[in-house]
Amino acid sequence: MKYYHIDRNNSLSEGQTISLDKEFTPNNDSGKLLIQKLFPDGVSAHGMHYLNDNVYFFDTGFPLFENIATSNNQNSIYFAEYTFELVRRKFFPLMPSRYTSLFALKKPDEINQWPELTNSQYRIFEIETIDEFPVFDANLMKGGLCFNSTKMYQGFSPSLNFKLAFSYWNGEISESPKPEVLLPLPITVGKQIIV
C-alpha cells in the first residue's frame, strides 16, 4: 500500500528509516514511569512532543485575556491527545497509537484539506507498507479546555472529549474532514514526489 507523508520540517530523505525512540526522557522526571509503562517500545516524534509537560508562563501577575486564550489553545491540544490515547487503549486497542505513529495521507492531493499545512514550504514523500491502515478524520481532534472571553467562562467537558475521541477511533467523518492515516513505526521513507 502506498501512502504520502508531508515533511513539514524538511528533515527527511529518501531511504531514511524512521523508528521509535526508546531513549526518550520527558521533561518531567515523574513522566519517565508513564513512558516505561505505556510505551515500552518507544515513541514517535509526535509522541515525544505531546508526552512532555506543557506549561505556559505569564510575564505579568494577572495574564491578559489573549494570553489565557493562547495558553488554553496550547493545552487543549495536549488534553485532546491524552484523551484520545486513553479512549484508544480502552475501546480500540488494535488501532495504532498517535504517540507511536507517523502521519500520512492516502493521496497526495488530500493536502488540500489541510490549509494550515500549505502555508509553509513542505515536501511530500511516498511511504510503502505491506498492510493497509484505516483513515481517520483529524478534524475530530478537538476538545480539551473550553474558553470564551466574551462571556468569560473556562471549563472542561469530559463527555464532549470522550465523544470526539470515540468518533475519531470509530472512523467517523466530519462535514469538513482532514483525512490522516497513522503508520506504525518503523517505516522507510520512499521517494520524494512533486505535486
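Computed from heavy atoms alone, side chains included, the values below leave out hydrogens, waters and symmetry copies. Numbering of residues begins at 1 and proceeds along the displayed sequence.
Inter-residue side-chain proximity for Gln113 and Glu180 is flagged as unmet; no heavy-atom pair is nearer than 4.5 Å. When side chains are defined from C-beta on, Glu126 does not count as touching Tyr3, because their heavy atoms never get closer than 4.5 Å. His46 is not listed as a side-chain neighbour of Ser101, based on a closest heavy-atom distance of 4.5 Å or more.
Using a 4.5 Å cut-off between side-chain heavy atoms of Ile, Leu, Val, Met, Phe, Trp and Tyr, with links allowed through other members, Ile187 and Val181 fall into the same hydrophobic cluster. Connection of Ile111 to Ile173 is not established within any shared hydrophobic cluster, with ILVMFWY side chains joined at heavy-atom distances below 4.5 Å, either directly or through further cluster members. Under the 4.5 Å side-chain contact rule for hydrophobic residues, Leu20 and Phe133 share a cluster. In this structure, Tyr122 is a member of the same hydrophobic cluster as Trp114, with clusters built from ILVMFWY side-chain heavy atoms closer than 4.5 Å. Residue Tyr50 is grouped with residue Phe24 when hydrophobic side chains (ILVMFWY) are merged at heavy-atom distances under 4.5 angstrom, including chains of intermediate members.
Not a single donor-acceptor pair under 3.5 Å links the side chain of Arg88 to the backbone N or O of Arg98.
By the 30° and 60° cut-offs, the orientation of the rings of Tyr168 relative to Phe136 is parallel.
For the atom pair Asn170 CG and Met95 CE, the distance stands at 8.0 Å (nearest 0.5 Å). Within the model, atoms CZ of Phe103 and CD1 of Ile127 stand 13.5 Å from one another, a figure rounded to the nearest 0.5 Å. Atom CG in Leu12 sits 4.5 Å away from atom CD1 in Ile18 (nearest 0.5 Å). Taken from NZ in Lys22 to CG in Asp41, the straight-line distance is 6.0 Å, to the nearest 0.5 Å.
Using a 4.0 Å cut-off between a side-chain N of Lys or Arg and a carboxylate O of Asp or Glu, Lys191 and Glu128 do not qualify as a salt bridge. Comment: Glu14 does not engage Arg123 in a salt bridge, judged by the lack of any side-chain N to carboxylate O separation of less than 4.0 angstrom.
Evaluation of the side chain to side chain contact (heavy atoms under 4.5 Å, CB included) rule for Lys32 yields Thr25, Pro26, Asp29 as partners, not counting sequence neighbours. Annotation: ring-ring contact (aromatic ring centres under 6.0 Å, His included) contacts of Phe162 (sequence neighbours excluded): Phe91, Phe166.
Checked by atom type, the side-chain pair Asn139/Ser176 shows no donor-acceptor distance below 3.5 Å.
By the 6.0 Å contact criterion, OH on Tyr82 is open, its count of non-hydrogen atoms from other residues, nucleotides or ligands being 12 or less.
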